[in-house]
Amino acid sequence: MQDYLKGLNERQRDAVLTTDGPLMIVAGAGSGKTKVLTTRIAHLMAKGVDSFNILALTFTNKAAAEMKERVEHILASREARNLYIGTFHSVFARILRAEAHRIGYPNSFTIYDTDDAKSVVKAVTGELNLDVQHYKPNVVYNRISSAKNALVGPKEYLTDYHLQQEDMRANRPMVGHIYDAYAKRCFKNGAMDFDDLLFKMYELLRGFPEVLSKYQHKFKYIMIDEYQDTNPAQYEIIKLLGAMHENVCVVGDDAQSIYSFRGATIENILQFQKDYDDVKVIKLEQNYRSTQNILTIANEVIKNNKGQIPKTLFTENATGEKIKLVRTMTDNDEGKYIADAIQELRLRNHYVNKDFAILYRTNAQSRSFEESLRRMNIPYTIFGGISFYQRKEIKDFLSYLRLIVNPKDEEALKRIINYPVRGIGKTSIDRAIANANERNISMWEVLEAAPMFGYKAGTLQAIEEFVMMIRSFRSMLETKNAYDIAFHVGKQTSFVKELFNDKSTEGVQRYENIQELLNSIKEFTETPGNEESGEVGDKSLGAYLQQIVLLTDSDQKDPNADTVKLMTIHAAKGLEYPVVFVGGLEESLFPNAMSLNTREELEEERRLFYVAITRAKGRLYLTYANTRYRFGQLVQSDASRFIAEIPEAYLDHSYAGGGVKNQSSSSRWGMGSAFERMQRGAPEQKERTIVSTLLNNAKPKEVSHTPSPNFIPSDISTLAVGQKVEHQKFGFGEIVTLEGSAHNPVATIRFDQNGEKKIMLNYAKLMVVG
DNA sequence: TCATAGCTACTTTTT
DNA sequence: GTAGCTATGA
């Protein structure tokens with residue numbers, strides 16, 4: 001027997017050795033799913049299947065990277081580099097890029113992230129003369145997104161009776177028209193949003209039989225991870241790609257389906273068995289991860305859901321500790337309790353930081369955990385929240401790069417046309433957009449032909465300078481790699497200089513972020529051919545941009561660092577930790593108030609709880625707080641209904657509140673009259689008020705100044721560094737620097753009474769003194 | 001044309 | 001509590 005088959009149980013081995021024909025693996029939590037998938041790939045290759053013929057799709061980059069690494073490890077060969085292992089989005093982006101010309105897109109098409117997409121929705125809504133307050137971009141975008149995930153295009157949307165009825169009832173009858181305008185605008189911009197990467201992929205395969213045939217031949221073996229999270233678009237694409245060889249292996253667990261809000265449907269699991277004649281189903285039911293206690297309560301909780309694929313998870317692991325259930329007074333106490341517990345567990349049980357994870361329902365909850373960990377000097381990493389690439393300064397800089405690669409990218413253009421300030425204001429921008437729409441050309445083309453559109457002299461000059469600059473950057477595309485161009489852009493625009501001159505804390509941070517971005521681009525250009533990121537050895541700017549937009553926050557942080565990990569339960573799927581804390585187990589937070597409308601929604605919340613529990617290997621802590629700040633307001637909450645679904649025998653109750661640590665409580669919910677809670681809660685509230693008052697008072701006050709009676713503003717051109725000047729409001733001071741463009745000169749002046757300020761000379765009046 | 005202060009709406013989860 | 005937008009003065 002081959003080495004790699006040792007250490008697999010019978011079912012797992014069966015799954016690995018079943019290489020041909022449709023296969024569905026129902027893999028319970030912690031049952032060695034990734035091990036099976038990676039071994040299966042290794043086995044295929046050992047059998048002589050060419051690595052170029054294997055496709056494995058995951059939902060996260062993290063999962064893809066891990067899979068790749070493990071296959072490489074098993075095979076101890078670089079052959080694994082040729083495997084197509086990646087997320088649905090990244091693999092499809094790569095294929096779309098190669099086939100873009102067929103569907104009228106440039107191969108350098110831009111991928112719009114959610115922010116870009118919402119911004120386009122907002123823009124076209126306005127252009128259709130619809131009220132943006134009523135047609136909220138968020139809401140409209142979500143409807144468009146759902147439509148695409150269900151493979152409903154704009155035409156179909158407008159003629160779909162059901163969808164139209166829904167929009168009528170919501171008093172938003174024009175959503176379909178916005179969708180249509182949005183799709184057209186994206187196409188005109190040479191851009192695809194995340195959903196388009198699936199939607200257009202489907203259209204490509206359906207519309208071009210020769211393309212379909214090409215990829216059907218290429219992908220002889222297809223594997224899908226987390227199958228329960230696929231949406232109809234993904235489902236149909238897999239069906240098309242697998243139709244020729246039918247060597248499709250899907251791995252999933254219906255109990256861990258937590259993405260229905262993104263259009264995922266468990267139906268796909270049932271449908272899979274109907275699509276092929278002879279689907280082999282293998283259930284992996286032995287859990288290798290958790291203690292018996294943890295697994296038992298997980299099973300007990302999930303029992304409350306109806307309609308599951310029947311399976312019994314079991315383990316041969318030790319019984320383990322009881323599950324610790326902790327009630328605290330406030331959300332801050334919850335944070336304190338967890339930080340204390342981590343400290344104590346490290347000392348007593350020789351855990352290290354990276355053995356701990358704190359999981360929560362919403363990102364907003366991370367704050368109190370963060371604070372208490374910081375106070376105790378426990379190193380931590382937060383996963384989730386906004387990605388590095390979504391920070392304003394990063395997006396601005398990237399917008400330059402995006403525009404260079406794809407001048408039709410209107411979103412990028414709008415972000416940077418006047419950043420740094422170059423005298424092209426809102427009025428001019430709006431006009432350029434209107435001109436572009438009238439003539440059905442891109443905004444960039446309007447700018448290139450600016451003299452034809454009658455801008456006033458100053459603006460025209462600014463536009464022409466801008467166009468010249470971008471053109472000069474574009475001329476580097478053919479010959480220079482991503483880093484060289486980015487470096488040049490940083491140097492030529494006053495972008496980086498401006499950030500460098502901003503010495504505020506945030507300014508320094510922003511400057512450092514840009515440094516980091518440049519470093520990452522350098523790393524990209526210097527890393528030898530990484531197939532996953534695009535064509536082999538493609539170090540172009542376009543390749544770089546397409547790759548980073550699909551990265552999430554989790555992909556940029558080191559999961560192996562010795563730090564406590566903080567993340568949402570969604571982000572924790574597929575991960576495991578020796579000690580897991582699940583925070584905020586309160587009604588209307590978890591289960592979340594947004595998900596209490598239907599039985600399906602509640603069941604999804606319960607599956608989410610199931611996922612949270614099953615992340616724990618050895619110890620599990622469930623915590624909840626009596627009072628918590630939400631939307632900046634103190635709210636009272638009851639314990640989550642999920643807690644009551646755990647049999648009492650497995651629980652070990654604690655109470656920790658108002659500075660009292662680990663105080664046991666006899667009753668199930670501990671002490672709990674509303675009156676008592678209010679009393680306990682009060683001091684906390686007071687403390688916050690004091691802090692915020694202090695902060696308000698800490699704001700520097702301006703010392704007012706009455707201008708001299710003979711105040712006459714001096715001519716700007718006479719100003720020089722070192723001169724003493726008088727400002728009407730800020731008083732007397734000395735000019736430290738003179739900068740900015742000729743159109744918009746800016747002086748930094750150190751005032752005697754009011755500190756250093758940046759003054760725009762076009763508007764502020766200054767008089768030279770003495 | 002631009003920066004600032006004040007107001008509002010938002011937070012469920014993510015590629 | 002805060003990001004993002006609008007009205008306002010420079």
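All values below come from the heavy atoms of this structure, side chains included, with hydrogens, waters and symmetry mates left out. Reminder, nothing fancy here: chain letters follow the sequence lines and each chain counts from 1.
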Asker: Phosphate oxygens OP1/OP2 of B:dT12: is one of them under 4.0 Å from a side-chain N or O of A:Asn363?
Answerer: no

Asker: For A:Leu460 and B:dT1, give me the distance from atom CG to atom P, rounded to whole Å.
Answerer: 13 Å

Asker: At less than 4.0 Å, is any side-chain N or O atom of A:Asn418 found next to OP1 or OP2 of B:dC2? Yes or no.
Answerer: yes

Asker: Using a cut-off of less than 4.0 Å, is there contact between a side-chain N or O of A:Thr568 and OP1 or OP2 of B:dT13?
Answerer: no

Asker: Distance check, C1' atoms only: B:dT11 and C:dT6, in whole angstrom units.
Answerer: 23 Å

Asker: Under 4.0 Å between a side-chain nitrogen and a carboxylate oxygen: does that hold for A:Arg422 and A:Glu465?
Answerer: no

Asker: For the pair A:Arg374 and A:Glu371, find out whether any cationic side-chain nitrogen is under 4.0 Å from an anionic carboxylate oxygen.
Answerer: no

Asker: Looking for any heavy atom pair under 4.0 Å, which part of the strands does A:Lys573 touch: base, sugar-phosphate only, or nothing?
Answerer: nothing

Asker: Ignoring backbone atoms, establish whether A:Thr427 has a side-chain N or O less than 4.0 Å from OP1 or OP2 of B:dT1.
Answerer: yes

Asker: With respect to the phosphate group of B:dT14, does any side-chain polar atom (N or O) of A:Thr60 fall under 4.0 Å of OP1 or OP2?
Answerer: no

Asker: Can you pull the salt bridge (Lys or Arg N to Asp or Glu O under 4.0 Å) pairs that have at least one residue in residues 590-599 of chain A, sequence neighbours excluded?
Answerer: A:Arg599-A:Glu603

Asker: Do the side chains of A:Arg402 and A:Asp116 get close enough for a salt bridge, i.e. N-O under 4.0 angstrom?
Answerer: yes

Asker: Would you kindly compare A:Gln390 and A:Arg361 by the position of their nearest DNA chain B nucleotide and give the one closer to the 5′ end?
Answerer: A:Arg361

Asker: Listing time: all N or O pairs from protein to nucleotides 2-4 of chain C that are below 3.5 Å?
Answerer:
from	atom 1	to	atom 2	distance (Å)
C:dT2	OP1	A:Arg367	NH2	3.1

Asker: For DNA chain B, what residues of residues 590-599 of chain A have any heavy atom nearer than 4.0 Å?
Answerer: A:Asn592, A:Met594, A:Ser595

Asker: Which residues in residues 143-152 of chain A have at least one heavy atom lying under 4.0 Å from any atom of DNA chain B?
Answerer: none

Asker: Just wondering, do A:Phe261 and B:dT12 stack (centres under 5.5 Å, planes under 30°)?
Answerer: no

Asker: Tell me, please, which residues at least two apart from A:Lys148 pass salt bridge (Lys or Arg N to Asp or Glu O under 4.0 Å).
Answerer: A:Asp193, A:Asp196

Asker: Reckon A:Phe59 touches a base, only the sugar-phosphate, or nothing at all at heavy-atom distances under 4.0 Å?
Answerer: sugar-phosphate

Asker: Do A:Arg367 and A:Glu370 meet the salt-bridge criterion of a basic N to acidic O distance under 4.0 Å?
Answerer: no

Asker: With DNA chain B as reference, determine whether A:His89 or A:Asn138 sits nearer its 5' end, using the nearest nucleotide of each.
Answerer: A:Asn138

Asker: Identify whether any heavy atom of A:Asp195 sits under 4.0 Å from a base atom; if not, whether one sits that close to sugar-phosphate; answer base, sugar-phosphate or nothing.
Answerer: nothing

Asker: Report all side-chain donor-acceptor pairs from residues 130-137 of chain A shorter than 3.5 Å, counting only partners two or more places apart or in another chain.
Answerer:
from	atom 1	to	atom 2	distance (Å)
A:Asp131	OD1	A:Gln133	N	2.9
A:His134	NE2	A:Asn171	O	2.6
A:Tyr135	OH	A:Met174	N	3.0

